[in-house]
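Read the structure below first, then the notes.
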Amino acid sequence: MAFTAVLQSEWTKIRTVASTSWTLALVFLVTVGFAALFSATFDPNRLDAAQRATFDPTATSLSSMELGQLAMIVFGVLVVSTEYSTGMIRTSLAAVPRREHFLLGKMAVATALALAVGLLTSFASFFLTQALLGDLGIGIGEENVLRAVTGAGLYLALLALFCMGVAAMLRSSVAAISVLVPFFLIVSNLLVGFEATRTVGQYLPSNAGGRIMQVVPHAFDSPETPYGPWGGFGIMVLWTLAAVLGGYAVLRKRDA
Amino acid sequence: MTPTTTTAEQPGSYSSPLATPRPHLGHALASEWTKLVSLRSTLWTLGSLVLIVVGVGLAVVAQTGDEDFAQINFTTPALIGLLVGQLAVIVLGVLTISSEHGTGLVRTTFTAAPDRHRVLTAKYLVFSMTAFVTTTLSVFVVGVSAAVVRGGSASGPHAAGEWFGALLGCGYVTLLGVLALAIGALVRHSAGAIALMLGLVTLPPVIGGMLSMWVAVEPLGRLILKYNVPVAMMQLFGLQEGGDLGPAPSNFSHLILILLVTGAAVAGSYVVVGRRDV
Amino acid sequence: MIEAVGLTKRYGAKTAVDQLSFQVKPGHVTGFLGPNGSGKSTTMRMIVALDRPTSGHVTINGRPFRELPNAQRHVGALLDAKAVHGGRRARAHLLSIAQLSGIPEKRVDEVLAVVGLQDAARQRTKGFSLGMGQRLGIATALLGDPQVLLFDEPVNGLDPEGILWVRNLMRRLASEGRTVLVSSHLMSEMALTADHLIVIGRGRLLADMGTQEFIAHNSAGFARVRAADTDRDGRETLGTALTKAGGRILQEPDGALRVTGLELPQISDLAHRAGVRLWELSPHRASLEEAYMRMTQSSVEYTSTEDPRAELWEPEPLALPAWEDEAEAAPEVPRTGFYAPPPPGAGGQPFLMPSNPGELASASGNPSPNTPEDTR
Amino acid sequence: MIELEGLTKRFGTTTAVDHLSFRIRPGVVTGFLGPNGAGKSTTMRMMLDLDNPTSGTVRVYGKHYRDLSEPLKHVGALLDAKAMHGGRSAYNNLLCLAQSNRIPRQRVDEVLDLVGLTAVAKKKSKGFSLGMSQRLGIASALLGDPEILMFDEPVNGLDPEGILWIRNLMKGLAAEGRTIFVSSHLMSEMALTADHLVVIGQGKLLADLPMADFIQQNSRSYVRLRSPQQERLKDLLHEAGINVVSVPATGTLEIDGVSAEQLGELAARHQIVLHELSPQRASLEEAFMRMTADSVEYHAHAPGMAADNPARPADVPAWGAAHTATRKAGE
């Protein structure tokens, strides 16, 4: 079977449901909107000396990713779980009986879309906020900035893919969202917040993957990490790979 | 006219031997209780709540010494688990109503009981009592264990007020669940309502944190950072946030805020559920 | 007793139910018929106040549904067999509904036995087949032992044993003096179950009359007559004799004659007088399906078009007897089953039943905008 | 051509499908019958590789379903009318299926037109009634113009016009040499549509034979007589050694095992006037109920509230019930 046909089909699927545009629009609007709000109301005089020394204009642009990722989680989950909740999965698998083609096609299309929206979001956010920051703003050509901004887009794409894998394992929107949102927004922050659990927390996908967005290592008193930006990203790739393989194993083994 | 005469009016029509009591709230409460206990999702959500609160709480108690409790309440170890566990209450609150919409059961329910407000009231009552009792029990298991194990002289004096605060904290979590139920009734879509509620609980501290770090002058940032869910809970459990925000709002102002928000949502849900085609 | 007065429901610009007025009386099974999208389900939903009418009202024993003192004890409804939470066990589901109106717990076990689900009572309903779901829905409707019962497509997904059971159940419930309103697309079932019919099309009332009256109004029965094969001229002699006596005749492929306009004893006498021995003389009842199709032709909402490939299949056309000059062809007679064979229609137009659905489609006239039955 | 060999499916301790082996041949409509819970749907799901068999295999033209490239062009199936994404329009639901198997876009319009859904093609399928969903499901099965078609309860929710249409559609498709496999509980429909039957009960194969043979083997046919000279006729039949059952309620006689031709000749010879001489053919429903009487899983009972009411036992044969009803209706 031509894999391109599967891709085309999945593209039709993804662009013809309302939840796709809702969630992805929210990713963009929330991230760019809050970044703009932060930078427009920014008052450099309020920073103390240490903060001034480690001030990271790129982080100002990208910190609102923390908020926007909620919508991306929902996007990633719904792409997979609505197949189950609507019963479409039976029709889909009858049309594409090879499970690896089906899952790979779906994930490839959705991840590509997430990457496009992610990059659009991070670059729009960056250029808008740098303009709003005025004198404090920097250009894309500065050291490591391009890596951070591109990395933010990559992070969002990888996040969506991770959520697709988990959703394929759990086969339910409610279960997947209830597990993933606390995992990304609370547990990881909570674990890093305590000295005893910090090391564990740093290896969670959100913290490890988020490292790629930092240009200045200790900006805003962020703790030391045992890995570099790409090392952290690699850790998140491993997490994602595990989730995808888990999702594939469940899809293969269980009756549709 | 008494209810039983209604069927007897028709000559030659069927008359059932069953008694015909006028249904009241008690019936609906029994019904909702059956619904709640007969689903595995209840077990999953409340089970994870208890596990997280008690598990994390006891782990913290084990890791601390008597002297640590000089500054904090005996119930504070339960807080960490509850910050995560509250999400289970929220999920259960949403599911209590949205799963009826998702499966179509709501049509069966409202056909059997056309006085929809009675059903909705029963849902609120059964859910809130269950959530409150479960939360309180888990928190107090941790609190009492801490008091017993770490209640030595080094822990200093502890007032009864801290237990009351914890009780209010459990009430706060319950109100969050009630808010989730109301949102579920308004949105009718499980995943949507859960995402909305989780966003409402988890995002404000992040937003507030960013705002306070960069735009300390913005009263909005302060306000968000003062009045959000985790902060309110920390305060009710006797863990004061850093003092650079100025005087912390009182326990009751947190409760009044959540009561206002929840009350508005609940009122909205009564209006909408009463009118809507299902 | 259910009474609807001027019941209307609009979804935006679409009118799903249009000024519907009818009464459903106790002691009868009342069939509720109409093509897909004619507004049956919407009407039933308005009866139990799930949907609000745009205008008009409907009452049950003189009261609006919402004002009944104990709705479940007065009205039981099966509207959608899948309207249960799949994660709940069957018995728990019924119990929770029973408790809503203070119905005792032992009634739950009673209705489970009535519908034959006692062995599945502890199963989660997610794993139920459509037939089992249907039985659970019927159990829910019976919980309150109500005076008024509504069933929307109750036999959907049931096996023949279950269909037979539902048929008898409906009749028994009505014979106890209850009001029973049943919708169905299976005309054969309706003919066996319903005493009275309410037919709607495009949201409007088309008919409200007894089943027999309805069939008589909208179709005609016929007799099948076969002369002995050993008698060479028998068929022709018989045909001529019957035509002379005023009968209308069509010839079937196996050589039998289809006679309308003459009673069986008359045919028997005519054959006797003509000296023709008969090998078959059987009455064929007019079918409800035929009567229904005739009435609703113009209000069918979703008309399938002819599959271009289906043209390859041609039913064996019925021959026109020599003594009949009008060009007519009778449709093929199904040999068995619920659907009684369709007779030729009145007015010289043969009823276009099983052979050519395309004609039916074109007969429905100008295509009008389609309205989903449920637009929400 | 579909071949099932020793197909078995267990869910925990219950065996839903038990060593099922049969072949479905092209050119005819094969009916798939069985009581509720017999394992029909599970079998069909395994044929499409949606459920993994515990043991045994299904082969479609010698191949495993999973190894078919572009399976929609070979096998079209309607298993569950609601198995579509409700938030997507009817057209888009079909389009994404078509694209996955490289079926041209205009075929989507074609099948929508075929099932009569063109006017609502752009509407979300969430709002569809059961009848409309069923039509959409049929459209999806026809999408690839496949040589094998499987329908699980295709007439569910369809109105009489739709039932008529699908009946002719299936016969037409079979006449073109396709393999048509259809399950239904409506025996009347099956009798009109199917040429060959596969009957299962509690997961086991009960019968695999042509329709006519099935009816003949599992039911009785008889001749109904009505005459103004009833008593003379009765005596005559007794003399001829023919067993007669009289039905006083309708004033008819029922005769087993003698053809209508013979009876007509007998009456003519003795100058007896007959007002009815009708051969009653056995129905598929009756045959089916006899065969599966032992394997019905969910037996219903009389309502508990009506304990004083003499309830008809649940296993009355179909013709018994049909008779009484017919008589009532005929009066």
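In what follows, every chain begins at residue 1, and chains take the letters A, B, ... in the order their sequences are listed.
Considering only heavy atoms from C-beta on, Lys82(C) stays 4.5 Å or farther from Lys82(D) through its side chain. Side-chain contact between Pro160(C) and His185(D): present, with at least one pair of heavy atoms (C-beta onward) separated by less than 4.5 Å. Considering only heavy atoms from C-beta on, Val273(D) comes within 4.5 Å of Asp269(C) through its side chain. Using a 4.5 Å heavy-atom cutoff, the side chains of Pro35(C) and Glu161(D) are not in contact.
Under the rule for a side chain to side chain contact (heavy atoms under 4.5 Å, CB included), the partners of Ala268(D) that lie at least two apart in sequence or sit in another chain are Arg277(C).
Interatomic distance, Glu280(C) CD to Leu263(D) CG, rounded to the nearest 0.5 Å: 11.5 Å. Taking CG of Leu186(C) as the reference point, atom OG of Ser188(D) lies at 7.0 Å (rounded to 0.5 Å). With rounding to the nearest 0.5 Å, the separation of CD in Glu153(D) from CG in Leu130(C) is 7.5 Å. In this structure, the separation between NZ on Lys40(D) and CG on Asp159(C) is 7.0 Å, given to the nearest 0.5 Å. Rounding to the nearest 0.5 angstrom, the gap separating the CD1 atom in Ile267(C) from the NE2 atom in His275(D) is 10.5 Å.
Listed for the Ser129(C) side chain is no donor-acceptor partner under 3.5 Å among the backbone atoms of Gly37(D). Put simply, the side chain of Asn36(D) never gets that close to the backbone of Leu158(C): no donor and acceptor are under 3.5 Å apart.
Between chain D and the residues Asn156(C), Thr193(C), Leu264(C), the largest count of heavy-atom pairs under 4.5 Å involves Asn156(C).
Residue Leu130(D) touches chain C through its side chain alone, counting heavy-atom pairs closer than 4.5 Å.
Residues Gln262(D) and Trp279(C) have side chains that never bring a donor and an acceptor to within less than 3.5 angstrom of each other.
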